[in-house]
Amino acid sequence: GAIDVTAVARVAETHLAKALRLARSIVGSPDDARDAVQEAFARVLDRSAHFRGDARVETYFFRVVVNECLGLLRRNRVRRLLLSVWSRTLPATTPAHETGSDAVQLRAAVDVLPAAQRVAFVLRHVEQMSVAEVAAAMGIGESTAKTHLSRALKRLRLAFAPRSES
């Protein structure tokens, strides 16, 4: 059945901060994140009559947010490349007292993960979603979500592995 417009508004209001954090972690820019969440909300409202009801409204909303963010990244490949380069040079251009920050290093490492791995990692470990919720939000199977998570964690472990000096 169709989604009730008030239900969509309630979901958007209740989960706005989470949706903005999620979008920000995917697209990098607070402005782009706001645009993606706003577009996702409009898209859910526009398509509310076509909602199949096989997922919770919240899950459907987050899936649309993720899809909007990924679409934005696809439309802005050059911009994403520049952000990626910037995030890799962040430690070198950041004042010394900030470069030791694990948070800065983790953010830079997450920013250069492939998009699907970055989205899966953020949904699972930042937004605290279950693997099933991650899969639903990304529109993929649970085994694929687990693969993206495993690969993301492997890359992050390598990024933080102690370097042997030779």
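In this structure, CG in Leu72 is found 8.5 Å from CD in Glu68, a value given to the nearest 0.5 Å. We find the NE2-CG distance between His148 and Leu113 to be 12.0 Å, quoted to the nearest 0.5 Å. In this structure, CZ in Phe41 is found 10.0 Å from CG in Asp46, a value given to the nearest 0.5 Å. With rounding to the nearest 0.5 Å, the separation of CG in Leu149 from CD in Gln117 is 9.0 Å. Remark: Leu123 CG to Leu22 CG distance equals 5.0 Å, nearest 0.5 Å. Rounded to the nearest 0.5 Å, atoms CE (Met138) and CZ (Arg124) are 13.5 Å apart.
Of all heavy-atom pairs between Ala145 and Val134, the closest is CB-CG1, 4.1 Å. Of all heavy-atom pairs between Leu156 and Ala109, the closest is CD2-CB, 3.6 Å. Closest non-hydrogen pair, Val131 versus Glu142, comes out as CG1-O, 4.0 Å. Counting all heavy atoms, side chain and backbone alike, Ala33 lies closest to Val27 at N-CG2, 3.6 Å. In terms of heavy atoms, Val65 sits closest to Ala23 at CG1-CB, 4.3 Å. Of all heavy-atom pairs between Thr59 and Ala136, the closest is CG2-CB, 3.2 Å.
Checked against a 6.0 Å centroid threshold, the rings of Phe61 and His15 do not count as neighbours.
In this structure, His125 and Val110 have side chains that are not in contact, with every pair of non-hydrogen atoms separated by 4.5 Å or more. Taking the side chain as every heavy atom from C-beta outward, Glu133 and Phe62 never approach each other to under 4.5 Å.
Listed by first and then second residue, the salt bridge (Lys or Arg N to Asp or Glu O under 4.0 Å) pairs involving residues 6-31 are Arg21-Glu127, Asp31-Arg34 (not counting sequence neighbours).
Panel note: side chain Thr144, backbone Ile140; no donor-acceptor pair is recorded below 3.5 Å.
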